[in-house]
Amino acid sequence: MSDDRLKLKNKKLKKDRTALKLGFFLILAAGLLFIACFGEYIVPYDPYAQDLSNALQPPSGSHLLGTDRYGRDLFSRIIIGAQTTIFSALALVAGITIVGTIIGVICGYVGGWVDSLIMRISDIFLAFPEMVFAIAIAGVLNGGIWSAAIAVGLIAWPRYARVARSQVLAMKNHQYMNAAKLMGTRWYKVILKHIMPNILGPIIVTAALDVGAMIMNLAGLSYLGLGVVPPTPEWGSMMSEGRSMLQTSPWIVLAPGLAIFITVVIFNLLGDTIRDILDPKQTRRTLNNHVQNMKAILSGRKKREKTLVE
Amino acid sequence: MTTILEIEKLNVSYHGTSILQDINMKVEKGEILGIVGESGSGKSTLLKAIIGLLGDNGRVESGRVSFDQVDLLRISQKELRNIRGTQLGMVFQNPGMSFNPIRKIGSQFLEALKNHRKIDEAQAMKQILDMFAKLGLGDGKRILNSYPFELSGGMNQRVAIALAMIMNPQLLLADEPTSALDVTVQAQCVKEMMDLRDHFGTTIIIVTHNMGVVSHMADKVAVMYAGDLVEYGSKTDVLNHPEHPYTKALIASIPQIGGTLPKGIPGQPPAFGQVFTGCSFSTRCHLCDDICIHEKPVMHNCENGHTVFCHKCFSEV
């Protein structure tokens, strides 16, 4: 087989594999959504029912993931908690994607002082360390999952606005934008029909890659007691509740931690796959790349140490 | 003949740097005006200023562009939008760049038609195919169902001309429409544009580097240099009896088959933003004199509306 044909075959294989990967992760994500939607019908126990005689039981046949200090079934609480965690993260990503994109498109399209003003405001938001700023905002608001979502949303929108804005600016220089205007196209039609379809790819990629991070942020705020108010089950606050018993009953922390880990990994890999499909120009983060990077960093550090010793 | 476009003392600058200086021009209805000059002489800027596409950097400092008694520089965006497309059309240099790459050509034609009036799809399709037929574009259905990248460059440019003409504008501005095409397609495009004038009486302003295209198409020729209009007149006057040394040099630098290497013009065109107290061509002109360096040339009228901006050539007439 000639080299070219081999390359072509490899390319096709790669494409097939990406499609397969997308299907696989979509099914996993759909599974998570299914659990989140119909959790109430799956749970073996009432997630709120306390049973102090059964408190702090390790995982067993009757309690798959054990019980917490009030004797509530952890498995049931995690399944119900999926609803809060996943839905609030998805709603949050959808919200900031829409708001951020609208702001960015306005900045890019209108330009001038409007653009400068909004971009300077976004600079202010970007200047603070993300989590510290979110904690401050969530602290000022009343608490509860919505104030946590607002806090995370406030720190996340500038990124979306910037992606959308830079894309619009790149679009603006294309001749066909002028051509469309010269045909007498109205401004909103120029945005909807000519700009939006062209810039949607990078925005979807940003959003897809962000779902995992948003779950982490929300869980993080809940862990600090700034998100969901107990007794509503939420993975972050569940971990927080169990942290004083980490040495005696580690399953209370490990079970929701594992749930967060699995969910974030699934959504991140799904986002990666979507990126591979919509933005093929970006290099893929393969394991090999990571190993190479690590090697480079380590060898650099060794060299530096050597020179220091000498 | 009525005047359709009149430009008076037009000054345009980019970021405060003057690009066009005191351009005066008149275009009659049904006329084809060719604008020639080196790269950077302000030809395209002039077109953009006429149609209001200077973008964020460019600014019209002063002057008037009246189209059909309407001052294009002083009307509202809404009025401008109504004039664009229906009465003014434009063809760009890069074939295919006039079309959004991710939308089918048909939908972009429909959009152009729907911008200005209510029209049902079947009627619109008929009108588009009619236009294609007039321009000699066969297989119109396939074209409308294609994306821009599926058509060749020449085909794209011809379709772009059709798009600019779909609303039957009175004035078509063409910014180097043939520069990116091979010679046989160039000939086709030139013929199509001339057909437009014969069919619809469209006035055409064409900017080009190609003297062959100008000598074939144009009725009037304007020669620009460094943002100045240096010579203007009918095609035969300007091309056969050029008065300005720059026009003469430009014509001498046309390559000819079987001929010797063309002469070229010594020196470089002036740098962006360079200011002259005298004639802008003085640094490269073999007739250059003290007066050329210190005084702006004024307009000299030869016969038949043939005008030249030069201190030197008038004495020779």
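Quick note on labels: first sequence line is chain A, next is B, and so on, each numbered from 1.
At most 12 heavy atoms of other shown residues, nucleotides or ligands fall within 6.0 angstrom of atom CD in B/E121. Residue-environment remark: NZ (B/K141) stays at or below the threshold of 12 foreign heavy atoms within 6.0 Å. More than 12 heavy atoms of other shown residues, nucleotides or ligands fall within 6.0 angstrom of atom CZ in A/F87. Counting heavy-atom neighbours within 6.0 Å of A/M216 CE, excluding the residue itself, gives a total of 12 or less.
Considering NZ of B/K48 and CG of A/N178, their distance stands at 7.5 Å, rounded to 0.5 Å. In this structure, CD1 on B/I83 lies 12.5 Å from CG on A/L182, to the nearest 0.5 angstrom.
Contacts of A/H194 with chain B are made by both backbone and side-chain atoms, with heavy-atom separations under 4.5 Å. With a 4.5 angstrom heavy-atom cutoff, B/L113 does not touch chain A via any of its atoms.
Counting heavy atoms from C-beta on, the side chains of A/K193 and B/N100 never come closer than 4.5 Å. Side-chain atoms of B/E111 and A/M183, non-hydrogen and from C-beta on, never get closer than 4.5 Å to each other.
Comparing A/K172, A/K189, A/K181, A/R186 by heavy-atom pairs within less than 4.5 Å of chain B, the highest count is held by A/R186. When B/R103, B/Q108, B/H116 are compared by the number of non-hydrogen pairs under 4.5 Å with chain A, B/R103 comes out ahead.
Contact detail for A/A179 and B/S98: the closest heavy-atom pair is CB-O, 3.4 Å.
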